[in-house]
Amino acid sequence: MTQNRAIAQRFALIADLLEIGGESVFRINAYRRAARAIEGLSEDVAAVAARGGLTEIPGIGKALAEKIVEFLATGTMRAYEDLAASFPPGLATLMLVPEVGPKTALLLHEHLGISTLDELEAASAAGRIRELPRMGQRTEEAILRGIAMVRRQAGRRPLGFALPVAAELVERLRVVPGVKQISAAGSIRRMKETVGDLDILVTSRAPARVMDAFTTSPEVSEVLERGSTRSSVVLDAGLQADLRVVEPAAYGAALQYFTGSKEHNVALRERAVRAGLKLNEYGLWRPGDGRGGDDRRVAGRTEAGIYRALGLPWIPPELREDQGEIEAAEAGRLPRLIEVEDIRGEVHAHTSWSDGADSVEEIAAAAVAMGYEYVCITDHSQSLKIARGVPAADLRDHIRQVRSLSDRLGIAVLIGTECDISADGTLDYPDDLLADLDLVIASVHTRFRMSREAMTSRIVRAMESEHVDILGHPTGRLLGARDPYEVDIEAVVDAAVRTGTALEINAAPERLDLKDTDVRLARERGARLAIGTDAHSCAQLRYMPLGVGTARRGWVEAREVINTLPLASLREVLGHRGGNPRGRR
DNA sequence: GCCGTTTTCGGCCCGACTGTTTTCAGTCG
């Protein structure tokens, strides 16, 4: 799958360079569309090419298919190399800076020879940008701020960080006089794993008052824009927030529009055009007769009304990526997505027996408060000293303790482990001990820098153990901090299907591992899933919605997740491993 | 560069805001 990314990146870069070169926007968009299509492919592009199926991928025609074949055969792409040679390397990265688009990038390069962020920063600081045509001091200052933001991890923050900030802002604005409806929109509503800025939408008959309240909120550190229907601020938390005010008759249209994704919206507007309609943030319109007759709004008050008027059922925000959801909606084949309420228990929680903060009793009580039917204690295994891994003898004692306590905790408490997978794929406890546990999560916590082949066989070997129920955080990534280890995720998914091992969707905000696209691959292949918070305290049990959101982005239904099962069924699944999970339900 | 219940050629999504401007280009979402 690594070639998929390499090809997608080249197509995206070609698009950037063509744009700087002033090419046709339609040609540029063709490359961007193709880049996304390849990026979102759940299959190895080489395999698709081998069976001659490249042009069946939407957005890939004859010319792009040839470029893909060329790259697969030679490792290079002539069109890309030529283009890259005609511009200095790095010029396209200037476009990462807000305010700098293709025209400005070219302007900077032609007049000042700028092609890197460092050069741009130096020129801005020296006051040389303002001397250029159509540039001024304000733009120069904005560029300097933009460079700082790009350097600050590209400006995107983990969903788990942004969600509470957004919730607080929404609650503050909800009580402002004149606010009728309010909702967060944008990528946060789609539960995307990182969030660039917060989009908040309100309806009001007193927009100016709402704008005043927003731009003077105590958590606002800077006002970037202030218009009558749209304002932008920077929050103390370092996030940008945009507020839009619309009339109630347009609320659904605006919610749809500002929720995105951009790609989903483009596809939807194209669909509207084909139906002789026009879709914008104010509604879905039937154009007038062109002789003074006004456009007539056929939908706009609700999102569902917009979709309905386009001949579609309402599409959940998490699916809106133009990755087949519109086609599925049209065919009546949208998944019945899992909901937070479907989760019947926690399967991954740590206690003070290893590196958790709270006791078994406290975790059990917190699980009761969550409304759960069961909770499984999964502390670290003996060799993970840094996390105070539990020695085998102690774990035997914990098994006895939990089983004697269980009746008095008000909830079924299962005893398991998050067992380290050793470098050779063996497990960190003896088989007889693992056999005694209710549930075994196997995870990689050490030796991340193995070869792809070695890591894959290490993990697959662990999954082949009859004792292993769940593969924990399958790729080991930490958002913005650590890349996933090298592993053949397709081989892992296939092993999960073959062995009946569930793949974890780890809901910890810094992990979200599996990620959404891998989740979708897993469920398409028929792998069983589990959503666990990896809680290290009672409060962290509340991360569950992040995991459910990631599952929803992967098109997952409740029946595909083992901890939506009632306890008796879960025990049955845990007791009988191997074979096709779907065949047994 | 892609694509086809308007089309194998001629289309290809829509609007707000800002800055530097005397009427709009560029950027963004």
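In what follows, every chain begins at residue 1, and chains take the letters A, B, ... in the order their sequences are listed. Reckoned from all heavy atoms, side chains included, excluding hydrogens, waters and symmetry mates.
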* **Along DNA chain B (nearest heavy atom to each residue), the more 5'-positioned of G59(A) and E281(A)** => G59(A)
* **Nearest-angstrom distance, C1' atom, dT7(B) to dC3(B)** => 9 Å
* Asked: What is the ring orientation for F11(A) with Y31(A), classed by angle as parallel under 30°, tilted 30 to 60°, or perpendicular over 60°?
  -> perpendicular
* Side-chain N or O of T139(A) closer than 4.0 Å to phosphate OP1/OP2 of dT20(B) -> yes
* Quick one: label Y31(A) by what it contacts on the DNA or RNA (base, sugar-phosphate, nothing), any heavy atom closer than 4.0 Å. => sugar-phosphate
* Where the side chain of T229(A) is defined as all heavy atoms beyond and including C-beta, which of dA16(B), dG1(B), dC13(B) is the nearest nucleotide? -> dA16(B)
* Any idea which of dA16(B), dG1(B), dT18(B) is nearest the K67(A) side chain? -> dG1(B)
* dG1(B) P sits how many Å from K62(A) NZ, rounded? -> 11 Å
* Asked: So, for V298(A) and R286(A), which heavy atoms are closest and what is the spacing to 0.1 Å?
  -> CG1-CB, 4.1 Å
* dT21(B) to dG15(B) separation - P atoms, rounded to the nearest Å -> 28 Å
* To do: Answer yes or no: is there a donor N or O on one side and an acceptor on the other, between the side chain of E70(A) and the main chain of R78(A), under 3.5 Å?
  => yes
* Asked: How far, in whole Å, is dC12(B) from dC17(B) if one measures between their P atoms?
  -> 26 Å
* Between dG10(B) and dA16(B), how far apart are the P atoms? Round to whole Å, please. => 32 Å
* Structure fact -> Whole-Å distance, R274(A) CZ to dC14(B) P, equals 12 Å
* To do: Verify salt bridge (Lys or Arg N to Asp or Glu O under 4.0 Å) between E325(A) and R320(A), making sure each step is shown before the conclusion.
  => CA-CA 7 Å; E325(A) 73 280 4; R320(A) 299 182 195 170; over 6 Å; no
* Nearest-nucleotide pick for A30(A), side chain only, options being dC13(B), dC2(B), dG15(B) -> dC2(B)
* Which is true for S228(A) with a 4.0 Å heavy-atom rule: it touches a base, it touches only sugar-phosphate, or it touches nothing? -> sugar-phosphate
* Stretch residues 90-105 of chain A: residues that reach within less than 4.0 Å of DNA chain B through a heavy atom -> V97(A), P98(A), E99(A), V100(A), G101(A), P102(A), K103(A), T104(A)
* **Atom C1', compared across dT18(B) and dC2(B): separation rounded to whole Å** => 34 Å
* Asked: Does the distance from a Lys or Arg side-chain N to an Asp or Glu carboxylate O, for K278(A) and E270(A), drop under 4.0 Å?
  -> no
* For N265(A) and Q256(A), test the side chains for any donor-to-acceptor distance below 3.5 angstrom and give the result as yes or no. => yes
* Evaluation steps, side-chain hydrogen bond (donor to acceptor under 3.5 Å, both in side chains), between D242(A) and Q240(A) -> CA-CA 7 Å; D242(A) 297 344; Q240(A) 182 174 326; 3.2 Å; yes
* To do: Please report the closest heavy-atom contact between A123(A) and I114(A), naming both atoms and the distance.
  => CB-CD1, 3.5 Å
* To do: Identify whether any heavy atom of E263(A) sits under 4.0 Å from a base atom; if not, whether one sits that close to sugar-phosphate; answer base, sugar-phosphate or nothing.
  => nothing
* Asked: Heavy atoms under 4.0 Å, any strand shown: does R271(A) hit a base, just sugar-phosphate, or nothing?
  -> nothing
* With respect to the side chain of E270(A), which nucleotide from dC14(B), dC24(B), dC12(B) is positioned closest? -> dC12(B)
* Which value, in whole Å, describes the distance between the P atoms of nucleotides dT22(B) and dC28(B)? -> 22 Å
* When the distance from CG of N280(A) to C1' of dA16(B) is rounded to whole Å, what number comes out? -> 12 Å
* Figure out the CG/P separation between L277(A) and dT6(B), and round it to whole Å. => 13 Å
* Determine the interatomic distance between P on dG4(B) and the same-named atom on dT8(B); round to the nearest Å. => 12 Å
* **Whole angstrom value for the distance that separates C1' of dC13(B) from CG of L268(A)** => 11 Å
* Asked: Which of the following nucleotides, dG29(B), dC13(B), dT20(B), is nearest to the side chain of V266(A)?
  -> dC13(B)
* In terms of the nearest nucleotide of DNA chain B, which residue is placed more toward the 5' end: R27(A) or G227(A)? -> R27(A)
* **Residue matched to dG19(B) through Watson-Crick or wobble contacts both under 3.5 angstrom** => dC24(B)
* **Pairing residues for R271(A) by the side-chain hydrogen bond (donor to acceptor under 3.5 Å, both in side chains) criterion, not counting sequence neighbours** => E330(A)
* To do: Rounded off to whole Å, could you give me the CZ-to-P distance for the F26(A) and dC13(B) pair?
  => 7 Å
* Asked: R138(A) CZ to dT21(B) C1': how many Å, rounded?
  -> 14 Å
* Determine the Euclidean distance between corresponding C1' atoms of dG11(B) and dT6(B); express it in Å to zero decimal places. => 10 Å
* What is the distance from CG of L132(A) to P of dG19(B), rounded to the nearest Å? -> 17 Å
* Indicate, yes or no, whether a donor-acceptor pair under 3.5 Å links the base of dG15(B) to the side chain of Y282(A). => no
* Taking the side chain as C-beta and beyond, is there a heavy-atom pair between V266(A) and D322(A) under 4.5 Å? -> no
* Asked: Hey, does R33(A) reach any base, or is it just sugar-phosphate, or nothing, if we go heavy atoms under 4.0 Å?
  -> nothing
